[in-house]
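Every value quoted in this text rests on a predicted model; they were computed, and no experiment measured them. Naming: A, B, ... by sequence-line order, numbering from 1 per chain.
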There are 2 protein chains.
Amino acid sequence: MIKEKLEEYYNVVFEQELLDEIAEVGTYRFVKENELLLDIGDQFHQIPLMLTGAIKISRETKAGEEIVLYFLERGDTCTITFGSGLQSSKSKVRGVAEKDSEIIFIPVEKLEEWMVKYPSWRSFVIDSYNIRLNEMLEAIDTLAFMKMDQRLFKYLTDKVQIMRSTTLNTTHQEIAVDLNTSRVVISRLLKQLENEGKIKLYRNKIEVVDF
Amino acid sequence: MIKEKLEEYYNVVFEQELLDEIAEVGTYRFVKENELLLDIGDQFHQIPLMLTGAIKISRETKAGEEIVLYFLERGDTCTITFGSGLQSSKSKVRGVAEKDSEIIFIPVEKLEEWMVKYPSWRSFVIDSYNIRLNEMLEAIDTLAFMKMDQRLFKYLTDKVQIMRSTTLNTTHQEIAVDLNTSRVVISRLLKQLENEGKIKLYRNKIEVVDF
DNA sequence: TTTAAGCTGTAACATTTGTTACACTTGGAT
DNA sequence: ATCCAAGTGTAACAAATGTTACAGCTTAAA
């Protein structure tokens with residue numbers, strides 16, 4: 001089964017032998033929506049390869065303040081949790097399933113081994129790092145240059161893309177946590193967006209009209 | 001000459017054959033303080049290897065707003081400017097020499113070539129990516145969780161480390177640009193830090209006392 | 001020496017964001 | 001049906017940051 005899934009999503013990315021190897025050493029895992037995949041400080045020895053779904057990656061301080069960094073989707077991997085020197089080390093971010101997801105996990109030792117063996121793996125790893133860096137840059141731009149109302153609207157439209165639905169089942173409180181602000185601020189700005197005709201508000205539900 | 005410098009700074013990082021190859025294909029460049037090394041949008045075909053000095057890496061929007069991300073120092077390389085698929089592509093950040101610096105430039109083609117050939121190069125590239133990602137994470141934490149007075153003090157103490165001097169020759173205006181705020185705000189907060197006894201203010205000069 | 005440009009300090013005010021408080025609604029548990 | 005917890009709307013106020021204006025100082029250039 002893992003083999004078919006792999007072929008479906010990664011056959012253009014990896015050569016056949018690599019696909020075979022992944023199928024052999026990788027483990028398939030189904031993750032339910034809202035399940036915690038890895039927490040800050042978790043040691044981990046496996047590299048995730050996303051098949052379907054989406055994982056929300058966020059950062060938290062000791063004080064408990066939190067902020068969402070980006071989402072992992074099909075074809076993504078999570079490099080940021082790797083430590084120095086190809087050793088496994090502690091994760092600096094948290095990953096929670098944003099929706100039901102399918103992931104293949106690969107033992108970290110393979111990272112370096114395949115690097116020598118497969119050109120497609122080299123490209124994949126380097127590409128992944130670059131994609132991750134660009135996501136981080138985008139997060140920085142958002143934090144540095146946008147006001148809360150813009151950040152909120154970006155958050156909503158990003159989520160529409162990820163969820164593939166213009167109807168978001170979420171509460172103001174959840175959004176406030178993801179953007180590291182307070183519920184009152186979010187309610188205020190959401191109401192403002194509604195008055196501008198960009199969204200419609202319901203209980204536990206937001207419909208994004210203009211995106 | 002390039003050979004001696006290399007041996008001095010990278011002999012523990014790379015094996016001898018790789019050092020020899022770098023000396024052969026790399027070009028040495030001396031960069032004066034405040035010189036613009038690469039700008040946003042610049043195409044570039046060389047990977048920098050820092051020998052001495054420091055490069056300030058910053059990000060700018062079309063609107064002209066700017067923010068400092070981090071500094072490159074000895075042993076660092078700048079991966080974020082790499083494009084997808086190991087091809088050279090356009091830089092998304094700006095690099096300006098914070099002080100006189102020495103850099104070796106390596107043609108990008110070598111990146112992949114050496115990846116197969118030299119284990120130490122593989123480790124170096126992966127390590128560099130991880131260091132870069134961690135710097136980005138730190139920038140995000142700073143932006144997301146710290147107020148301007150804390151950001152300012154962090155900026156000053158970071159700069160003390162980079163410049164290896166507790167006396168910083170800079171103006172309020174320059175700091176304001178680096179932190180994407182206004183001069184008045186910086187003057188206000190600097191005065192506050194002075195009153196707290198953490199710094200001393202002079203014209204074109206700030207002395208960091210408590211760090 | 002005179003002048004102009006840039007640097008710094010500060011006041012006054014505007015805007016944005018955060019906080020506290022409370023009323024009202026909704027939906028599920030008892 | 002009643003009750004309770006969670007979600008939402010809004011006011012009132014506090015704190016942080018941004019803006020405009022202007023005065024006095026320093027330094028380099030004319």
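Near DNA chain C, meaning a heavy atom under 4.0 Å away, the residues from residues 195-208 of chain B are B/Y202, B/R203, B/N204.
Look at A/K147 and you won't find any side-chain N or O under 4.0 angstrom from OP1 or OP2 of C/dT16. Between C/dG18 and A/T181, a contact under 4.0 Å exists linking OP1 or OP2 to a side-chain N or O.
In the set D/dT17, D/dT10, C/dT10, D/dT10 carries the atom at the smallest distance from any side-chain atom of A/S187. The B/T171 side chain lies nearest to C/dT8 when the options are C/dG9, C/dT8, D/dG18. For A/S182, the side-chain atoms get nearest to C/dG18 when compared with the rest of D/dT10, C/dG9, C/dG18. In the set C/dA12, C/dT10, C/dG18, C/dT10 carries the atom at the smallest distance from any side-chain atom of B/R183. Comparing C/dG9, C/dG18, D/dG9 against the side chain of B/H172 picks out C/dG9 as the nearest.
For B/M148 and C/dT17, the CE to C1' distance is 14 Å, given to the nearest whole Å. Atom NZ in B/K191 sits about 17 Å away from atom P in C/dC7, given to the nearest Å. What separates CD of A/E65 from C1' of C/dG18 is a distance of 13 Å, to the nearest Å. Nucleotide D/dT17 holds its P atom 11 Å from the CG atom of B/L152, rounded to whole Å.
By the 4.5 Å heavy-atom criterion applied to side chains, B/L193 and B/L156 are counted as neighbours.
We find that B/E8 and B/K5 are not joined by a salt bridge, their nearest charged nitrogen and carboxylate oxygen being 4.0 Å or further apart. Checked for salt-bridge contact, A/K110 and A/E24 miss the test: no charged N lies under 4.0 Å from a carboxylate O. Salt-bridge formation is not detected for the pair A/E138/B/K92: no Lys NZ or Arg NE/NH1/NH2 atom is positioned less than 4.0 Å from an Asp or Glu carboxylate oxygen.
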Should B/R132 and B/D76 be marked as a salt bridge (charged side-chain N to carboxylate O under 4.0 Å, His left out) after you check the CA-CA gap, both sets of side-chain angles, and the distance that decides it? CA-CA 9 Å; B/R132 217 46 53 218; B/D76 284 334; 3.4 Å; yes
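The aromatic rings of A/F14 and A/F124 lie perpendicular to each other, with more than 60° between the two planes, well past the 30° mark.
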